[in-house]
Amino acid sequence: MLNREYEYVFAIAQEGTLSGAAVRLGVSQPALTRFLQKEEGELGIALFQRIDNRMVLTYAGECYLEHIKQIFAIQAHMRAELDDIVRMDRGRLRVGITGIRRPFTIFSVIPQFKQKYPNVALTLTEFNSDKLEEMLEKLELDCIAVNITKKRDCFEYLPVARQEYVLAVHKDHPLVQAAEHSERFKYPVVHPGQLEGCSFVLLSKSHRIRQFADSILDGNRISYSISMQSRTLDGALEAVANDLGCTFTPEVMLSYIRGAQNIRCLSLDTPGTGYEFSLLYRKGAYLPPSTQDFLTIFQEAFQSQSGGELLS
């Protein structure tokens, strides 16, 4: 990786003779002489003066050599950093998640990853799914964890789980008693018509969850009221826990939501409630071993907490 010109001039300066430098470099003395003449001709100034059969640096040569030493130091530092990355002593990982996955990622995934890769700098970015996909496409993130509504050709998809959008209600809500049990659903079931007149805590229209909520409520021409709007899903779920209304949510583990013991999940007997939760990375992007391990740790941690099978 070092430039030949720098090696040659450095060797001549250290050996003090062209013959000694030629032996050290493994080249012929005439070839080294031609190189030096050519280099000094291109620079327009002499780098060496011949005194008592020795090659002594001129002032210009001393400046040249000083810069060579700096270049050598920079290159050595670069090699050391690259070697560290290869050995996984150092590196970086930029992960994007949605708000509802943040607690799971922080408490379950990152501790395992940092234990294995303590010197890999990890950055966690939280936005809605559309924004995260935009950042991943621009390579501003290395991987993201989102719910999939439509696949895009520019991403690779690593499925984690197949889940469903559910209705989250307070444990004392009338729908809890009205819901029916069915072997076809994981949770007690309600029909869209039973949502008539209910009060909801909804996210902004930029959220995919709000888009799903609108498809259920407006698609079935349900009359409802909005008790409040929340910027984040965990905020909406905490509002449900305090009996401020119902909300739609991806099927998630509620163990990190304050007041989760007051929340009940109900399945919706209507098409389009299923979704795939996946890890995404940019197609064609290089994934260092640490990033590959992060994806595996995330999958296995999710499986452990949810008690389900990983999708393949």
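Remember, it's a predicted structure, so these values are computed and weren't measured experimentally.
Between R152 and E137 a salt bridge is recorded (basic side-chain N to carboxylate O distance below 4.0 Å). A salt bridge links E133 with R208; the closest basic N to acidic carboxylate O contact falls under 4.0 Å. Between K186 and E251 there is a salt bridge, since a side-chain N of the basic residue sits under 4.0 Å from a carboxylate O of the acidic one. A salt bridge links K116 with D293; the closest basic N to acidic carboxylate O contact falls under 4.0 Å.
For residues 258-267, every residue pair satisfying the side-chain hydrogen bond (donor to acceptor under 3.5 Å, both in side chains) rule, not counting sequence neighbours, is listed here: E164-S267, E238-R258. Annotation: salt bridge (Lys or Arg N to Asp or Glu O under 4.0 Å) contacts involving residues 50-75, sequence neighbours excluded, are absent.
Looking at residues two or more places apart in sequence or on another chain, you find no ring-ring contact (aromatic ring centres under 6.0 Å, His included) involving Y187. Listed by chain and number, the residues in a side chain to side chain contact (heavy atoms under 4.5 Å, CB included) with Q112 are I297, A301 (sequence neighbours excluded). Applying the side-chain hydrogen bond (donor to acceptor under 3.5 Å, both in side chains) test to S204 and every residue at least two apart in sequence or in another chain returns S206. For R184, the side chain to side chain contact (heavy atoms under 4.5 Å, CB included) criterion is met by S182, D269, not counting sequence neighbours. In this structure, the side-chain hydrogen bond (donor to acceptor under 3.5 Å, both in side chains) partners of D234, at least two apart in sequence or on a different chain, are R102, T232. In this structure, I74 has no side chain to side chain contact (heavy atoms under 4.5 Å, CB included) partners at least two apart in sequence or on a different chain. For S278, the side-chain hydrogen bond (donor to acceptor under 3.5 Å, both in side chains) test picks out E276, with sequence neighbours left out.
One N or O on the side chain of T247 and one on the backbone of V201 form a donor-acceptor pair closer than 3.5 Å.
Pairing each heavy atom of T105 with each of L124, the nearest pair is CG2-CD1, 4.0 Å.
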Let me check something: any side-chain donor-acceptor pairs from residues 170-181 under 3.5 Å, sequence neighbours excluded? List them with distances.
unit_1 : atom_1 : unit_2 : atom_2 : d
H170   : ND1    : D172   : N      : 3.0
H173   : ND1    : L175   : N      : 3.0

Review item, side-chain donor-acceptor pairs of residues 220-229, under 3.5 Å, at least two apart:
unit_1 : atom_1 : unit_2 : atom_2 : d
N220   : ND2    : I216   : O      : 2.7
S223   : OG     : E196   : OE2    : 3.2
S227   : OG     : F200   : O      : 3.2
S227   : OG     : L244   : O      : 2.6

For residues 23-31, which side-chain N or O atoms pair as donor and acceptor with protein atoms under 3.5 Å away, sequence neighbours left out?
unit_1 : atom_1 : unit_2 : atom_2 : d
R24    : NH1    : Q14    : OE1    : 2.6
R24    : NH1    : E15    : OE2    : 3.4
R24    : NH2    : Q14    : OE1    : 2.6
S28    : OG     : A31    : N      : 3.2

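Using cut-offs of 30° and 60° on the angle between ring planes, the pair Y275 and Y165 is tilted.
The ring of Y157 has its center no closer than 6.0 angstrom to the ring center of Y281.
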